[in-house]
There are 4 protein chains.
Amino acid sequence: MANFGGHAIPGTFFLFYGFWLAVKHTLQHYWRTNQPKGRQIVPPSFKRMDYIEGGLKIFAAFVGIMVEQFVVDGPHARLYDTENKSWVKLMNWQHGTMYLFFGISGIALVASNASKMVPVGVDRLALSLALFVEGFLFYFHVHNRPPLDAHIHTLLLVAVFGGSASTMLEVFMRDNIVLELLRACLFILQGSWFYQIGFVLYPLSGPEWDLTKHNNIMFVTMCFCWHMAVALLSVAGTFAVVLFTVKRLSGKGHDIEIGMRKTSSSSNYQKALLEQSDEE
Amino acid sequence: MANFGGHAIPGTFFLFYGFWLAVKHTLQHYWRTNQPKGRQIVPPSFKRMDYIEGGLKIFAAFVGIMVEQFVVDGPHARLYDTENKSWVKLMNWQHGTMYLFFGISGIALVASNASKMVPVGVDRLALSLALFVEGFLFYFHVHNRPPLDAHIHTLLLVAVFGGSASTMLEVFMRDNIVLELLRACLFILQGSWFYQIGFVLYPLSGPEWDLTKHNNIMFVTMCFCWHMAVALLSVAGTFAVVLFTVKRLSGKGHDIEIGMRKTSSSSNYQKALLEQSDEE
Amino acid sequence: MANFGGHAIPGTFFLFYGFWLAVKHTLQHYWRTNQPKGRQIVPPSFKRMDYIEGGLKIFAAFVGIMVEQFVVDGPHARLYDTENKSWVKLMNWQHGTMYLFFGISGIALVASNASKMVPVGVDRLALSLALFVEGFLFYFHVHNRPPLDAHIHTLLLVAVFGGSASTMLEVFMRDNIVLELLRACLFILQGSWFYQIGFVLYPLSGPEWDLTKHNNIMFVTMCFCWHMAVALLSVAGTFAVVLFTVKRLSGKGHDIEIGMRKTSSSSNYQKALLEQSDEE
Amino acid sequence: MANFGGHAIPGTFFLFYGFWLAVKHTLQHYWRTNQPKGRQIVPPSFKRMDYIEGGLKIFAAFVGIMVEQFVVDGPHARLYDTENKSWVKLMNWQHGTMYLFFGISGIALVASNASKMVPVGVDRLALSLALFVEGFLFYFHVHNRPPLDAHIHTLLLVAVFGGSASTMLEVFMRDNIVLELLRACLFILQGSWFYQIGFVLYPLSGPEWDLTKHNNIMFVTMCFCWHMAVALLSVAGTFAVVLFTVKRLSGKGHDIEIGMRKTSSSSNYQKALLEQSDEE
């Protein structure tokens with residue numbers, strides 16, 4: 001993974017996942033705040049969204065582990081080389097371990113939706129652990145590197161451990177839209193920062209960065225804050241656009257409205273929406 | 001900013017902001033505890049206060065960024081000097097980044113009041129992040145300085161990160177007057193400590209401070225606690241004075257009472273107040 | 001304890017305890033979620049389970065302290081050797097101190113069940129303190145050792161302090177099945193990691209590990225994550241098996257159902273169960 | 001304070017305060033759990049207890065500051081010696097600062113009881129800050145000392161910052177008996193550890209301790225855990241004795257029962273007590 005592509009691929013994944021979370025939780029938030037008190041059944045379209053998300057996570061984790069193992073210069077499922085008395089391609093094994101935990105979080109998400117027996121909050125706990133393991137392995141990854149390289153990975157840990165902590169909070173505070181959007185925001189930040197790491201360590205064009213210069217470290221720190229600002233604004237924008245779209249569509253009586261029509265109490269729901277739009 | 005004025009200006013801002021928060025939240029607290037149960041509409045004067053606060057924050061952040069960029073020895077919007085292969089005036093860029101996040105917190109405050117669509121707590125989250133970013137940039141600011149200089153800035157971080165943590169708590173615990181006053185207190189502490197840093201590093205008169213002497217570090221640590229005591233007493237005093245004033249004015253039936261008269265249920269409210277003052 | 005057995009014994013204890021916790025809390029969770037609202041009396045079989053657990057803890061702690069004191073090369077209750085001016089077998093005394101706190105947590109568990117006077121949550125506080133003391137003593141244990149030895153013990157602290165923190169949370173959030181299973185999981189992780197420490201530091205067969213090689217440290221870090229994954233899956237499996245078994249047994253009207261029959265309102269309970277199984 | 005007495009005096013204060021807290025909160029707990037639902041007025045005897053506690057704290061803090069200033073070798077209110085260009089007796093000033101914050105916490109306690117205007121929780125916030133300031137000043141106190149001296153003071157910080165954190169929690173979770181007893185326990189631990197520091201650094205008899213020996217550090221760490229166990233058992237014992245005594249006295253209809261008789265609804269209360277004792 002020691003090239004630009006090796007950082008762009010996870011970056012792309014995290015960026016997509018962050019935006020997906022922002023859209024999903026905005027829709028759920030709209031549904032929560034716009035339904036009458038008595039109705040508690042989650043519409044089936046939300047379940048379907050979670051099944052797809054979980055399934056994709058499991059699939060991506062599986063593919064990721066396979067690729068790390070069986071690329072040309074991979075370990076090919078060999079862990080210890082008894083001849084040379086050394087571990088085989090530990091980096092690939094570590095990346096596989098990270099994927100494994102994201103896969104487990106996908107299983108937890110599917111299981112949470114499939115059965116009422118699974119305790120509420122297990123999906124968030126599994127995601128929090130996946131982020132924790134990612135940060136944990138990165139933390140011991142970073143030693144003995146040039147200052148800028150170490151620093152730029154340490155900044156990544158701010159996004160990773162921040163995400164782990166805020167997701168852990170969600171185990172106890174379900175359906176808190178601020179926490180959910182914060183999580184989306186931290187995934188986007190992580191994704192865009194992976195790209196930034198790629199640009200700094202393996203510049204596509206132009207001169208190499210001096211990995212020991214103090215000013216470079218200072219710039220990179222500030223740059224991380226800019227990424228944070230952009231991530232915040234992206235999530236805020238997504239939230240506003242999705243909410244505005246859903247509101248206009250459901251107001252006009254269209255059928256889209258994320259499949260809620262199929263449930264039996266949709267007429268009451270429609271009424272409640274109209275009353276609300278009258279008030280405003 | 002490496003002079004006395006450069007520390008006095010932010011100090012003044014934070015001092016004013018801290019006192020403003022103490023006054024605002026005391027008024028809100030008085031209103032919360034003195035209204036009958038059924039009434040839930042926030043009086044328009046509170047909204048107006050938040051609009052003004054948010055607007056001023058956005059304006060101040062914008063002016064701050066412009067000044068940092070276009071002062072005589074500023075970077076003039078140039079980030080990288082390709083000729084000398086070096087970053088241009090990173091300090092000014094960092095200060096601008098800090099202002100940017102305070103500006104974002106102003107936008108969040110205005111948006112929270114303007115629309116019900118904005119989730120409750122976003123204003124506090126944005127303020128908490130602004131403080132976090134301030135502390136984050138200061139933290140990496142401090143390396144490679146003489147001991148006293150590093151120490152006096154580290155003490156500032158106690159106020160900054162303390163404020164960030166307590167404001168983050170407010171995302172989940174709205175309308176907790178103790179947390180609100182603590183936030184006011186930590187802003188005042190931050191403001192007065194900026195002045196102290198100015199006095200120590202750039203003394204207006206008298207001899208220079210020896211930046212390596214251990215006793216100076218010990219004194220400065222203790223001095224921080226004194227600032228904390230003064231900040232506590234200032235907030236307590238402001239709280240008492242504002243509450244006493246509002247109580248006396250509303251008891252006499254004056255029209256001030258922060259504009260609540262304009263709402264329709266003011267007569268019930270008046271009654272409730274009278275009953276309450278009879279009890280005491 | 002500086003041999004394989006010295007790590008296998010506590011490992012076995014923690015493994016058993018973790019699985020026991022998973023079974024116990026799954027049964028309690030089943031009972032909580034399947035009884036009608038009005039019924040609040042905890043069935044006597046749960047009390048009996050806690051008495052046995054607490055009694056065994058006290059007994060094991062007592063035996064552990066005695067063994068540490070009176071093994072052949074133990075301190076035999078002598079703390080300071082005035083002749084040589086040195087402490088006698090501090091390691092044994094430290095282990096005894098750890099056992100003491102687990103014994104106290106056993107006393108707290110028994111007392112919590114025996115009397116209503118004991119405040120709710122004391123049993124969890126005592127267990128959290130026992131884990132804190134274990135981690136606290138280990139933390140200062142680790143200095144001045146070869147890198148791999150220090151690192152592998154530091155990883156143990158993640159499980160120990162994680163368990164202490166999550167158990168402390170349970171003082172305030174009773175009957176949260178996610179936290180309870182997390183605690184079970186962290187005990188299993190601790191247990192299996194004790195075995196891993198034994199295998200690495202005192203290999204039963206094959207060559208010695210090089211305690212200074214960086215790659216060994218990297219492998220061990222990753223290996224800790226694998227143990228975590230296995231612990232997670234073990235707890236999830238135990239939860240599913242126990243829940244499935246209890247459900248099938250109680251559905252068929254068998255008498256097992258953890259002794260709940262003896263309580264007076266069992267017929268209502270039975271009805272509620274049937275209704276629920278119809279729904280599914 | 002660099003002698004045995006200088007550690008025994010604060011130790012005695014903290015020990016007394018810890019036991020006082022255990023007694024006070026046990027009485028309050030008994031009152032909370034034994035009164036009928038409708039009754040909410042705190043009996044005047046509890047207010048009186050808080051007035052006395054607060055008054056004593058203010059008085060002790062004032063005396064402490066005066067003594068630190070005007071002992072023979074004190075600074076006599078002089079802070080800076082312009083002739084020698086050095087600070088005067090910074091240690092005495094630091095101790096005075098610590099006392100000041102405990103005094104402020106006394107003022108907050110008195111104010112909380114005197115007026116309903118003071119927000120609930122301010123007394124705990126002030127106590128938490130007093131402990132934070134104590135730990136904060138100690139933390140920067142400890143540098144450049146021999147290993148054992150530094151370590152034994154670091155262990156003190158565990159009790160101090162632990163107390164600060166648990167007291168801060170009480171701002172949000174009032175009337176939680178577990179937290180209240182934990183606070184009492186940590187004050188007792190702090191008190192007894194002050195004595196231990198005195199015994200180690202200024203032994204009354206026998207040989208001096210070798211401040212650099214690693215084994216001494218290991219012993220002292222373990223000894224801290226023993227102090228913790230004794231503090232836990234002391235608080236548990238106090239809780240049991242006080243609760244048992246109050247129960248027996250109130251059961252016999254005696255007049256003691258901490259002054260609750262004076263309130264008007266005492267007959268209902270008496271009935272509720274009798275009913276409860278029948279149940280048991």
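From a predicted model like this one, the values you see are computed outputs, not experimental measurements. In what follows, chains carry the letters A, B, and so on, assigned in the order in which the sequence lines appear, proteins first and then strands, with residues in each chain numbered from 1.
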Residues, nucleotides or ligands: over 12 heavy atoms within 6.0 Å of F13(A) CZ: no
From M168(A) atom CE to S166(C) atom OG, the distance as rounded to the nearest 0.5 Å: 8.5 Å
Above 12 or not: heavy atoms from other molecules or residues under 6.0 Å from CZ of F70(A)? yes
Counting heavy atoms not belonging to Y80(A), are there more than 12 under 6.0 Å from its OH? yes
Turns out that what part of L100(A) lies under 4.5 Å from chain C's heavy atoms comes down to side chain
What is the distance from atom CG of L137(A) to atom CZ of F224(C), rounded to the nearest 0.5 Å? 10.5 Å
Show the numbers, then the answer: is there a side-chain contact (heavy atoms from CB on, under 4.5 Å) between F136(A) and L155(C)? CA-CA 10 Å; F136(A) 184 74; L155(C) 292 174; 3.2 Å; yes
side-chain contact (heavy atoms from CB on, under 4.5 Å) between W93(A) and W226(C), intermediate numbers included: CA-CA 11 Å; W93(A) 281 97; W226(C) 296 352; 3.8 Å; yes
Between the OG1 atom in T26(C) and the CE atom in M117(A), the distance rounded to the nearest 0.5 Å is 9.5 Å
Heavy-atom distance under 4.5 Å between the side chains of V178(C) and F172(A), does that happen here? no
If you measure from CG on L181(C) to CG on L125(A), what distance do you get to the nearest 0.5 Å? 9.5 Å
Contacts of residues 209-223 of chain C with chain A (heavy atom under 4.5 Å): W209(C), K213(C), N215(C), N216(C), M218(C), F219(C), T221(C), M222(C)
Taking atom OH of Y139(A) as the centre, does the number of heavy atoms from other residues, nucleotides or ligands within less than 6.0 Å exceed 12? no
Is it the case that more than 12 heavy atoms not belonging to F244(C) sit under 6.0 Å from its CZ atom? no
Test side-chain contact (heavy atoms from CB on, under 4.5 Å) applied to F132(A) and V158(C), step by step: CA-CA 11 Å; F132(A) 174 77; V158(C) 173; 4.1 Å; yes
If I take atom OG from residue S128(A) and atom CG from residue L182(C), how far apart are they, to the nearest 0.5 angstrom? 9.5 Å
Got a sec: does the OH of Y51(A) have more than 12 other heavy atoms crowding it under 6.0 Å? yes
